[in-house]
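Down below is the structure, laid out as structure tokens.
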Amino acid sequence: MNQALRPWLDSFYQRESRRILATLIRLLGDFDLAEEAMHEAFSIALQQWEHAGVPANPRAWLVSTARFKAIDHIRRRAKFDTSFEDVADQLAEQLHHEPDYADDGIEDDRLRLIFTCCHPSLSPEAQLALTLREVCGLSTEEVASAFLSSTPTMAQRIVRAKTKIRDARIPYEVPQADHLQERLHAVLQVIYLVFNEGYSASTGDALVRQELCSEAIRLARLLVELLPEPEAIGLLALMLLNDSRRNTRSTANGDLVLLAEQDRSQWDQAQILEGCQLVLQALATRRFGAYTLQAAISAVHAEAPSAEQTDWAQIVGLYDALLEHTQSPVVALNRAVAVAMLDGPAAGLALVDELLAQGQLNEYHLAHATRADLCRRLGKLDEAQAAYKEALRLTRQGPEQRFLQSRLNELKKN
């Protein structure tokens with residue numbers, strides 16, 4: 001075997017297999033058949049290219065070969081189930097009329113696959129699992145691990161999602177312009193959920209799951225490359241800016257480090273520069289939304305030399321705009337923190353108490369943690385202790401639990 005071919009082909013697989021798979025899924029209408037046929041095509045390539053050489057367009061060669069193998073598989077099935085005969089004939093006819101697979105078309109297929117995996121008829125959990133599995137190329141075991149689920153449970157979720165796409169005849173297409181924004185929101189939401197689970201894991205002993213952050217950023221880059229909509233650009237900017245602080249958000253022991261106490265000299269300046277440029281690009285369109293506004297807030301933090309020198313007035317103003325977009329109590333809570341930095345802890349506490357009185361954040365640990373910190377700063381130590389205890393009761397993440405417990409222990413000494 002040509003010793004140089006195997007590593008080249010392995011590298012090519014890493015770079016191109018998701019593009020090829022996306023095209024095969026669109027052509028064959030079956031996730032599992034497409035994946036099986038693709039792997040068989042790569043195996044054939046390893047044997048044939050050693051003697052014949054790598055073709056001028058290896059992606060097109062692999063798509064065509066995989067499609068022939070898929071037709072062979074279906075014809076074998078037709079021996080036991082005649083209903084497959086028409087399917088095989090139809091695919092063969094399409095193959096005759098569509099012999100070429102241009103690179104542009106393959107890129108379009110990746111975009112189609114993203115929208116298919118994030119179709120609104122699928123549950124949010126299924127959208128997440130299918131996107132990580134089929135678009136990002138994570139194994140079922142890796143997807144299950146990412147969301148702290150068992151592999152059999154995640155496998156069933158993915159199978160059900162694929163079955164629903166097939167049975168409901170969900171089209172492999174990018175929505176038309178009149179539906180694009182609505183559907184794009186679902187895609188962006190899935191990407192952001194992946195990032196958030198990596199940026200601040202909901203449970204477990206690790207604060208950051210870097211592999212998930214990286215997958216989300218990679219997916220957002222792909223989306224911006226294929227569909228440079230302002231909010232897609234804004235989301236990419238937001239994730240880059242937040243991820244730039246990754247190495248300073250926890251100690252070597254995995255303990256939480258607050259934003260104000262992080263070593264800003266260790267923030268990733270290249271990511272900050274790219275993120276800030278993307279924010280300006282999205283804002284310039286005047287068609288931006290919540291992701292871009294969040295990115296603008298992160299950019300103000302990223303550009304400040306210290307917490308004390310942060311432009312808190314600008315951040316409060318951006319939160320005002322964001323709150324108009326979202327009407328989210330979590331956004332209102334974050335605005336209250338910014339107000340506390342601008343006008344003092346008493347002003348922030350009044351806003352937090354008002355939010356808690358409305359009842360929407362009573363089970364949100366960060367609302368109680370925020371109240372505890374503001375009470376501590378105001379010298380209301382009994383109230384601070386009670387709020388820390390409530391936040392500790394509600395959180396399931398190890399680093400946050402240790403941080404809250406340490407603050408509570410400090411108060412008990414006083």
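The shortest side-chain heavy-atom distance between Cys118 and Arg183 does not fall under the 4.5 Å cut-off. Two residues are said to be in side-chain contact when any heavy atoms from C-beta on lie closer than 4.5 Å; Leu374 and Val352 meet this criterion. Residues Lys162 and Ile165 are not in side-chain contact: their nearest non-hydrogen atoms beyond the backbone lie 4.5 Å or more apart. For the pair Pro345 and Leu349, the minimum side-chain heavy-atom distance is 4.5 Å or more. Using a 4.5 Å cut-off on side-chain heavy atoms (C-beta onward), His368 and His365 make no contact. His73 places a side-chain heavy atom less than 4.5 Å from the side chain of Glu40. Between Val159 and Phe31, the closest side-chain pair of non-hydrogen atoms is not below 4.5 Å. Counting heavy atoms from C-beta outward, Phe68 and Ile44 have side chains that stay 4.5 Å or more apart.
Of all the heavy atoms in Ala313 and Leu342, the pair that sits closest is N-CD1, 3.9 Å. Of all heavy-atom pairs between Leu323 and Ala332, the closest is CD1-N, 3.8 Å. Here the shortest heavy-atom pairing between Ala186 and Gln127 reads O-OE1, 4.4 Å. Residues Leu130 and Ile158 share a closest heavy-atom pair of CD1-CG2, 3.9 Å. Between Ala295 and Leu241, the shortest heavy-atom contact is O-CD1, 3.4 Å. Counting all heavy atoms, side chain and backbone alike, Ala70 lies closest to Ala37 at CB-CB, 4.1 Å.
Exactly one of Asn334, Thr292, Val279, Leu318 qualifies for a side-chain contact (heavy atoms from CB on, under 4.5 Å) with Ile297. That residue is Leu318.
A donor-acceptor distance shorter than 3.5 angstrom exists from the side chain of Thr251 to the backbone of Asp255, with no hydrogens or angles considered. A donor-acceptor contact shorter than 3.5 Å is absent between the side chain of Arg335 and the backbone of Leu322. Formation of a donor-acceptor pair under 3.5 Å by the Thr116 side chain with backbone atoms of Arg112 is found in this model. Between the side chain of Arg407 and the backbone N or O of Ala384, no donor-acceptor pair lies under 3.5 Å. Judged purely by atom type and a 3.5 angstrom limit, His39 uses its side chain to pair as donor or acceptor with the backbone of Glu35. The main-chain N or O of Leu366 is found under 3.5 Å from a side-chain atom of Thr370 such that the two form a donor-acceptor pair. In this structure a side-chain-to-backbone donor-acceptor pair under 3.5 Å is present from Arg249 to Tyr199. In this structure a side-chain-to-backbone donor-acceptor pair under 3.5 Å is missing from Gln401 to Leu392. Between the Ser406 side chain and the Phe403 main chain, a donor and an acceptor come within less than 3.5 Å of each other. Using modelled atom types, no side-chain atom of Glu400 and backbone atom of Leu256 make a donor-acceptor pair closer than 3.5 Å.
Using a 4.0 Å cut-off between charged nitrogen and carboxylate oxygen, Arg376 and Glu410 do not count as a salt-bridge pair. Between Arg287 and Glu229, at least one side-chain nitrogen of the basic residue sits less than 4.0 Å from a carboxylate oxygen of the acidic one, meeting the salt-bridge criterion.
Ring orientation note: the planes of Tyr192 and Tyr291 are nearly perpendicular, at an angle over 60° on the 30°/60° scale. Note: His301 and Trp312 have perpendicular aromatic rings, judged against thresholds of 30 and 60 degrees for the angle between ring planes. Ring-plane geometry between Tyr13 and Phe42 is classed as perpendicular, the angle between the planes exceeding 60 degrees on a 0 to 90 degree scale with a lower cut at 30.
Considering OG1 of Thr326 and CD of Glu324, their distance stands at 10.0 Å, rounded to 0.5 Å. The line from OG of Ser150 to CD of Glu141 is 11.0 Å long, rounded to the nearest 0.5 Å. Atom CG of Leu227 and atom CD1 of Ile114 lie 9.0 Å apart (nearest 0.5 Å). The CG atom of Leu219 sits 12.0 Å away from the CG atom of Leu212 when rounded to the nearest 0.5 Å. Here the CD1 atom belonging to Ile20 is positioned 4.5 Å from the CG atom belonging to Leu62, to the nearest 0.5 angstrom.
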- Can you check side-chain contact (heavy atoms from CB on, under 4.5 Å) on Met239 and Ile191, steps first, answer last? CA-CA 10 Å; Met239 294 190 298; Ile191 296 174; 3.8 Å; yes

- Verdict with supporting geometry, Phe12 and Val54, side-chain contact (heavy atoms from CB on, under 4.5 Å): CA-CA 11 Å; Phe12 185 83; Val54 178; over 6 Å; no

- Message: Is there a side-chain contact (heavy atoms from CB on, under 4.5 Å) between Val63 and Leu27? Walk through the geometry before answering.
- Response: CA-CA 10 Å; Val63 170; Leu27 293 171; 4.0 Å; yes

- Query: When you look at Arg6 and Leu46, which way does the side-chain contact (heavy atoms from CB on, under 4.5 Å) test go after all the steps?
  - Reply: CA-CA 7 Å; Arg6 181 59 183 262; Leu46 186 60; 3.6 Å; yes

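Among residue pairs with one or both ends in residues 268-277, those qualifying as side-chain hydrogen bond (donor to acceptor under 3.5 Å, both in side chains) are Arg221-Glu274, Asp243-Gln271; sequence neighbours excluded.
With no hydrogens or angles considered, no side-chain donor-acceptor pair links Gln14 and Asp10 at under 3.5 Å.
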